[in-house]
Each structure stands twice: as structure tokens, then as C-alpha cells.
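Okay, structure first, notes after.
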Amino acid sequence: MIVMKFGGTSVGNAAAIDRVTKIVTRRLRDDPVVVVSAVGGITTLLLEAAQGAKKRSRKGIQLFERFRGIHDGIMRELCLSERLVAEEYEKLREVLHGIYYLGELTPRTLDYVASFGERVSAKIVSAHFCAGGIPSRPYSGWEAGIVTNGEHCNASPLFRTYAIIHRKLAARKKLPVITGFIARSESGEITTLGRGGSDFTAAIIGRGMGAEEIQIWTDVTGIMTADPRVVPRARTIKKLSFAEAAELAYFGAKVLHPRTIEPAMEKNIPVRILNTFEPEAAGSLVVRNARPPGNSIRAIACKKNNILFNLRSTRMLDAHGYLARIFEVFRNHSIPVDLIATSEVSVSATVDGNCAHKLGEIISELGKICTARTVAERAIVCVVGGGIGSTPNIAGKVFRIVGRGGVNVEMISQASSGLNISFLVKNGDADRAVRLLHKEFLER
Ligand code: ADP
Ligand code: ASP
Ligand code: MG
């Protein structure tokens, strides 16, 4: 069997959904299980609706009307009854009213609100399969067996989830259309896997089912040498390794959720990235070993909006345990640290900007150990390629090129795995750095 995941643009309107059903229909022989995202833009709309309701503005209810209008329009075009998702509309309207009256919005409620995008899209896509004569059934992430920890907005699957998925889906009689992104915790609350999490859902389902292939159908032809929105001349990378794809995804290549590769790699399941709007194109294939001949740099990724911590203390001189104490603070707040550089008296570390709300507490705790300063709006530029570690003078060339372009590099990290060189620049300099590097290493 294979898993076929379709992202927000791929299910973005009636014509796109019709396209999706045709693509799947042509592959019925491969015994597919389908995973879908919310209609493009809907998750952002739902999160804004929840925030609007919390602030007691009319915006919450207005956005609810827009949510309903968009889906009603799609269902009308697909000749589906509006009653199909009446229950979801009602539940969503009720919770937005609840948030409005209480003026309170917890991460748990936010996940509950966000879940409606996928709950509605899965029902619509599944109903369109049925209308086309292919028996299908919509599944929520939890009906498909995904159980997570309780970390709302960024939950992780529990190990036993894989056996449950296998049990629940092995007995399938109709084509399953599963909601991406959403699941349930052990205590029964709805959780989400982080923005863009439907890719991760597809990989989790793929691992649970022991799939032959996990297909990520999106709006670009595979993983490219850079984000095509930043570098129009970016090209599709035909084949890359799990490790390369994981680095790219983690450092900003939005085409894959950062954790998609984990479950696939554990069971050595190939991941193929394909274009819904150009279905015959080969796209990219991610496999265990994919060492290309020649060029050691495969792609340039970029992740904006990070916060840089500059930590100084003379206590680090000759001391042991100092770094452990610093990272303990980040761990206690469940904040992943991305880049690190250390000298004898200072430590630089970056974290994702979405931790900004925890900043005050972290700085005050770090203040007990060292002098802590932060700078926001920093971008990580990441040069990725399996051969970087074994090719002389790549780092020299990288920094000469960005330096000549007038970009100031604030921090550098190159791990011994030899897979990437990452550095930090101002948000505003990032696209220029990416274009310069792409031109030098990938357009010749
Ligand atoms: P989906 O809704 O299908 O999950 P996303 O918007 O999450 O799609 O991801 C696809 C987008 O990722 C592309 O439109 C592209 O702009 C962006 N992207 C960023 N980096 C890359 C890259 N290296 N290769 C391909 N796409 C990339
Ligand atoms: N709908 C979710 C989001 O927009 C998940 C996804 O599209 O993968 O973040
Ligand atoms: Mg995505």
C-alpha cells in the first residue's frame, strides 16, 4: 500500500479536489490511503478567528462566516449536500462563542478550533470520491489510530500509535481519507502536530502501515534547490537522502514538515514529493542513500524569525557543567535550540521566534547563571549537501560570496556530520544571501 498526502493548495478549491480524486483513482492498484490538509489558508483563518473571539471582536464571528462560505462554495460546485458538514459548523460556531464570552483561549482550545479545517476537508474529499463511484470513508486522525502526548500545538505521536494505526486501517473496506495535522492525546483531547503537520501525519500512517511509499502531493515539483518563491531559477532535486531532506525541512524548506522524515527513516520507507498540478512529473525521491556524483551542495534553505541568545559569563572559564545549566533552562521550557556556537566566555544559541512569549521567563532564569541578551528577527541560512564535509574550502567560498554581497554573518555552525553549513543573518538579508549562494553553487 501507499500513502498519498495532499496539501492545502491541492485541496484548495473544487477543481483541485476533482484533480486529487483523479490522481488517486489512477493509482488504486497501489492500494492507497489518502491524507488531506485543510483547504489552503483555512488553518490560519481558524487561528485568527479564535484570537479574534478571545479579544471579543466581531472578527471571530466574521471569520466563521468566511469559513462556512468557502466550504459551502466548494460543496456547491462539487454537488455535495451542505448537510455533510453541518455538525462541524455547529461545533465550531459554539466554541467560538464560548471563547468570545469567556475571553479565554488555551492551547487546548486553539487545537480544538484548528481541527475543523481538516475535519471538514476530509469529509468533502471523501464524499467526492463516493460521488465518483469510489467507496470511501473519512477518518479523523484519532479514528485512524494516532495517539499523541499532550503537548498542544506541537504534539508528538506515542510509540504505540503505530500498532493502533495498523489495527484500525488493516480492516479498511473503503478508501480512507484521513485528516492530516490533527490527533488526540491519551486523555482524549484533540492535539495538532504543528503547522504544516499533515506531512508528518502521512509519514506516521506510512510507518504504522509499513507502506511501500509515502507520497507528498503539493504545489511544486518536488524538493527544489531553494524555495522557488525566493529563487525563481530553483530546480527540482531528483534524489536526496533522508538526512539531507531532514536538514532542509528542519531549516526552512516548507515543502516538508520538519519531522516528516523521522518515521519514514525508521522503517526505510521512500518518500516521494510530487506536484498535484503537474502529476506526470517525476518530482523528488527521498531514500536512505542518495549520493550524487560531483556537486556536494544540493540546496539552500532558510528559516526566518529566530531569536539569538548571546550569553556571557567568566564562569565558563575552566568550569564544567556550565553549558549543561544553560541548556537545562531551555529544556525546562520545552524549547528546542537550533544553532549553537561557543567560545571560552560566550555562548550563542538560536531558538524559533514562536517562543517569544516565553522569553521573559527564560531570560530571568538565564540571568542567574550568566548575562543574557537576545536579538530577534534573525534568519538561519542553511547550505545542505551530503558531500560538504569532505570537500575542501566550501565554507571559505560560502562566506566569501555572502560577504561580497554585503551580508553580515552573525554566527556560524558546521557540524561534523558534514551535511550542512548554517549561519545567522538579519531577516532582511536572508533572501539576498540565498540568491547569491544559489547563483554560485547551483546555477552553473
Ligand atoms: P502544502 O500545502 O502542499 O503542504 P506548503 O505550502 O506547506 O504546501 O509547501 C510547499 C511550498 O514550500 C512551496 O510552494 C514552496 O514555496 C515552499 N518551499 C520552500 N522551500 C522549498 C524547497 N526547497 N523546495 C520546494 N518548495 C519549497
Ligand atoms: N492545515 C495545517 C496547516 O496549515 C496542516 C497542513 O497543512 O499540513 O498548518
Ligand atoms: Mg505543508
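In this text, all values refer to a predicted model and were calculated from it rather than measured experimentally. For ligands, and for the atoms within them, numbers begin at 1 and follow the listed sequence.
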Hydrogens and angles aside, do [X] and [Y] bring a side-chain donor and acceptor to less than 3.5 Å of each other?
X: Thr44; Y: Arg195; value: yes
X: Thr350; Y: Asp338; value: no
X: Tyr250; Y: Asn420; value: no
X: Thr201; Y: Ser198; value: no

query = What pair of heavy atoms forms the shortest contact from Ile269 to Phe242, and how long is it?
reply =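 For Ile269 versus Phe242, the nearest heavy atoms are O-CZ, 3.4 Å.
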request  = Over all heavy atoms of both residues, which pair between Arg233 and His438 is shortest? Give the atoms and the distance, please.
outcome  =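 For Arg233 and His438, the tightest heavy-atom pair comes out as O-CE1, 3.9 Å.
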query = Is the Phe116 to Phe67 ring centre distance short of 6.0 Å?
reply =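 When the ring centroids of Phe116 and Phe67 are compared, they turn out to be at least 6.0 Å apart.
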query = Do the two ring centres, one from Tyr162 and one from His166, sit under 6.0 Å apart?
reply =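 So the answer is no for these two rings.
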Pairwise, report which nitrogen or oxygen atoms of ligand 1 are under 3.5 angstrom from protein nitrogen or oxygen atoms, and how far apart they are.
residue  : atom   : partner : partner atom : Å
ligand 1 : 2 (O)  : Gly8    : N            : 3.0
ligand 1 : 3 (O)  : Thr218  : OG1          : 2.7
ligand 1 : 4 (O)  : Lys5    : NZ           : 3.1
ligand 1 : 6 (O)  : Lys254  : NZ           : 2.8
ligand 1 : 8 (O)  : Thr218  : OG1          : 3.2
ligand 1 : 12 (O) : Val255  : N            : 3.3
ligand 1 : 14 (O) : Asp219  : OD1          : 2.9
ligand 1 : 14 (O) : Arg229  : NH2          : 2.8
ligand 1 : 16 (O) : Asp227  : OD1          : 2.9
ligand 1 : 16 (O) : Arg229  : NE           : 2.8
ligand 1 : 23 (N) : Met224  : O            : 3.0
ligand 1 : 24 (N) : Met224  : N            : 2.8

task = Determine the sole option in Glu94, Glu88, Glu87 for which the salt bridge (Lys or Arg N to Asp or Glu O under 4.0 Å) test with Lys91 is passed.
result =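 Of the listed options, the one satisfying the test is Glu87.
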request  = Check each protein residue for a heavy atom under 4.0 Å from ligand 2 and list those that pass, ordered by chain and number.
outcome  =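 Contacts of ligand 2 under 4.0 Å: Ser37, Ala38, Thr43, Glu118, Phe181, Arg195, Gly196, Gly197, Ser198.
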